[in-house]
Student: 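Below you'll find the structure I mean.
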Amino acid sequence: MNVADLVNGNPALDQGLSDLGRAEAVKLGGQLAAVAIDLLVVSEFPRAQETAALALTGREVPRIVDAGLNDVQIGDL
């Protein structure tokens with residue numbers, strides 16, 4: 001939604017990553033390859049979970065989805 005200049009605080013309306021976002025998540029995976037990660041904690045937003053999945057492809061890392069990490073609830077604009 002950021003690509004469309006839209007603000008969204010609702011995980012149910014999240015549209016996931018763009019093609020560029022997916023490419024950047026894979027690139028992040030390369031940057032994190034040598035980093036030991038014991039636990040991954042992500043928000044309920046699909047884009048956050050998709051980023052984590054792509055960045056950690058092939059790695060067995062326990063994952064927790066925590067609503068407390070969601071974007072700020074901004075209400076209607």
Side-chain angles (χ1 to χ4, degrees):
M1 295 186 103
N2 290 348
V3 173
D5 292 328
L6 298 172
V7 176
N8 173 40
N10 183 346
L13 300 177
D14 184 79
Q15 297 176 358
L17 296 174
S18 65
D19 289 340
L20 175 59
R22 283 187 285 280
E24 290 175 340
V26 170
K27 185 177 175 181
L28 174 62
Q31 294 169 339
L32 295 175
V35 177
I37 300 175
D38 297 321
L39 178 66
L40 171 69
V41 184
V42 295
S43 73
E44 293 178 313
F45 280 81
R47 66 180 182 264
Q49 295 178 41
E50 186 177 3
T51 298
L54 289 169
L56 298 177
T57 296
R59 294 175 70 174
E60 296 294 325
V61 179
R63 298 174 190 196
I64 295 174
V65 176
D66 184 350
L69 295 176
N70 288 355
D71 293 345
V72 175
Q73 295 296 313
I74 56 173
D76 294 332
L77 294 177

Student: For the hydrophobic clusters of this structure (ILVMFWY residues joined by side-chain heavy atoms under 4.5 Å, transitively), does one cluster hold both V65 and L56?
Tutor: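 Yes, because V65 and L56 connect within a single hydrophobic cluster, where side-chain heavy atoms sit under 4.5 Å apart.
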
Student: Identify every side-chain donor-acceptor pair in residues 23-46 under 3.5 Å, counting partners at least two apart or on other chains, and give the distances.
Tutor:
from	atom 1	to	atom 2	distance (Å)
S43	OG	F45	N	3.2
E44	OE1	N70	ND2	2.6

Student: Under the salt bridge (charged side-chain N to carboxylate O under 4.0 Å, His left out) test, which residues partner R22, sequence neighbours left out?
Tutor: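 In terms of salt bridge (charged side-chain N to carboxylate O under 4.0 Å, His left out), with neighbours along the sequence ignored, R22 is linked to D19, E50.
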
